[in-house]
Amino acid sequence: MSAGHLAVKDLCWRPGKNQPFLLHPVSFEISAGRVLGVVGPNGAGKSTLLRMIYHYQKPTSGQILVDRQDLWGMASKVAARKVAAVLQEQPGAFGLSVRDIVALGRTPHRSGLSSESAKDAQIIEAAIARMQLEALVARDFDTLSGGERQRVMVARALAQQPQVLVMDEPTNHLDIRHQLEILSLIRSLGLTIVVSLHDLNMAADVCDAILLLKDGRCQGFGSADDVLSEQLVSDTFSVTAQRQVLSVSQNQHLTFHLPT
Amino acid sequence: MIGAGVLLLLFSISVAISVGAVSVPLHTVWSILINQVAPGTIEQDWSKGRAAIVWDIRFPRALLACLVGAGLAVVGSSLQAVTRNPLADPHLLGISSGAAFGAIMVLMHTGMFWGLITVPLFAFGGALAATLLVLAVSQFAAATSADRLILAGVAVSFIVMSLANVLIFLGDPRATHTVVFWMLGGLGLAQWSHLVFPLSVLAVCGAYIWLNARKLNAMTVGDETASTLGIPVARFRLIIFVVGALITGVMVAFSGMIGFVGLMVPHIVRLLVGGDYARVIPASALFGAIYLLWSDIIARTIMAPEDMPIGIVTGLVGGMFFVWLLRRRAR
């Protein structure tokens, strides 16, 4: 498994001809193994951008290049070996075990009729071990807690052996402890990661670069220090944002108030 | 597990052949069957009449029960995956009503102008039309969420069923027997010459569904996730619906509408073998066959010598199961 270089060029999307763009042309690049945080208010176009990167929604125009190969120029099965996604949708009550779910990650690597090979099994075991799910392999997915479910979905994505991993709001509905666990996990995966986050301080902590969106337009792209400035955050989110240095850790921290 | 299931299936078939207005001992049943396949292997100590009851009437009926039960259960389990709704079932989704409509059209109005295959063909056409109608209605009503798809199916089911009733009403005012057969199902029409249709459709379509078990697993997670695994989600769902309509159509053509088999069997199977569709599909086929065999045994014996419609049995059991399922899901 190796991280890939991700380049997005003039990518935009609208639902149909003569309809307004939900995402205006955006371009950015992140080098292999880096974490990009996508932030912005609701309806900013974060999901639209992510959906195009995980090969669900075809761009109106523009390109997504993984290691210089055009993602939308390849078959879905090939694209599925490049980009994996951990989304908010979760398996229904169908009694799939943890191992069944993780094994799904091998789908794009197997041809129609072949059964699971020894190599597949090895990769699945490795993904399970990586997420420390050994004790849960036989459990029914429905019976897991939110944090455990999230780890299973990450293991499933790892079994896919992608170069790029997309995560949509991975900290949603998790308690603080599990949020922190997921974030430290993101840092440790060694993959190129595109993650959408609501919490700006979390994004500043965990991401190498930040893409700030509003109304389908890019408001800024770069390091957290540059992009998450008081001015830009205040404008984008229609709040009064203040940057403070925390007295104990000396870390930068954003606080927000309604504008008066 | 599968071995035990096959043994249970063979035992159930034997019992189904053995019981009835004239009871035939199990060993005689097997002797007759073996003698039919390889004449002269066992010395004949039974009357010709018994041989005829076993071979010409009860055995094809038992095999039809197996095929219909297996087919409906396989359709139910695969529809549950692609709609991501554990309540999906060819009956509830209106597919069975469409098939009944097509079959009634042929039997009471147009006649079998293409020979024996006309009925299953029209039943398939009706099932397919009802399926597409359900998908169209759910699009129209913007009811793409799993629960509302079922409601669209129920709505279509009512509409198609009343249209079918119009056909019956127009056909023959004394046709109450036909009405009962199509509404409540029955295996009494089983004949050797008919079995080839459900058998071949189930073999081909069932194998196709089984080979796509991995995709069905992925579909239970969600459309977007399945798509990131390289699966063409919309096309695959449509194919499964069409294949499901094909199986349902041919089953309904020979047995009427038998409800709740496709809803209930996959749930019980998941409790036994887990949720992996590579196991759920064959186990559903096996268990569906066994379930319908026993339903038919009950339907034939409970008011003997009257043949009670099998749909009364599966409806009663399935309805109670539905309540249990709601209760389980509520917790």
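Order of the sequence lines sets the chain letters (A, B, ...), proteins ahead of strands, with each chain counted from 1. Just the heavy atoms: all of them, side chains too, but no hydrogens, waters or symmetry mates, feed the values below.
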*Can you tell if the side chain of A:Leu144 reaches within under 4.5 Å of the side chain of A:Val98, non-hydrogen atoms only?*
yes
*Engaged part of A:Arg51 at the chain B interface, taking heavy atoms whose separation is under 4.5 Å*: side chain
*With no hydrogens and no angle check, is any side-chain donor or acceptor of B:Ser78 less than 3.5 Å from a backbone partner on B:Val74?*
yes
*asked:* Going by side chain to side chain contact (heavy atoms under 4.5 Å, CB included), name the residues that satisfy it together with B:Pro282, two or more places apart in sequence or in a different chain.
replied: B:Trp210
*Distance-only, no hydrogens or angles: does the B:Ser77 side chain make a donor-acceptor pair with backbone N or O of B:Ile281 under 3.5 Å?*
no
*Taking only heavy atoms into account, what residues of residues 219-226 of chain B are found under 4.5 Å from chain A?*
B:Thr220, B:Val221, B:Gly222, B:Asp223, B:Glu224, B:Thr225
_B:Val242 side chain near B:Thr131 side chain, heavy-atom distance below 4.5 Å_ = no
_Heavy-atom cut-off 4.5 Å, strictly under: side chain, backbone, both or neither for B:Ala81 against chain A?_
backbone
*Between A:Ala103, A:Ala80, A:Ala85, the one whose heavy-atom pairs under 4.5 Å with chain B are most numerous*: A:Ala80
*Determine whether A:Lys82 and A:Met74 make a side-chain contact, defined as any pair of heavy atoms from C-beta on separated by less than 4.5 Å.*
yes
*Is it the backbone or the side chain of A:Arg81 that comes under 4.5 Å from a heavy atom of chain B, or both, or neither?*
neither
*Anything in residues 261-273 of chain B with a heavy-atom distance to chain A below 4.5 Å? Please list those residues in order.*
B:Arg270
*How are the rings of B:Trp324 and B:Phe321 set to each other: parallel, tilted or perpendicular (split at 30° and 60°)?*
tilted
*Between A:Phe94 and B:Tyr277, what is the ring plane arrangement, given parallel below 30°, perpendicular above 60°, and tilted in between?*
tilted
Between side-chain atoms of residues 27-41 of chain A and protein atoms elsewhere (two or more places apart, or another chain), which donor-acceptor pairs fall under 3.5 Å?
| residue | atom | partner | partner atom | Å |
| --- | --- | --- | --- | --- |
| A:Ser27 | OG | A:Asp10 | N | 2.8 |
| A:Ser27 | OG | A:Asp10 | OD1 | 3.3 |
| A:Glu29 | OE1 | A:His5 | NE2 | 2.9 |

*Can you tell me if CD on A:Gln19 sees more than 12 non-hydrogen neighbours from other groups inside 6.0 Å?*
yes
*Determine whether B:Phe241 and B:Val82 make a side-chain contact, defined as any pair of heavy atoms from C-beta on separated by less than 4.5 Å.*
yes
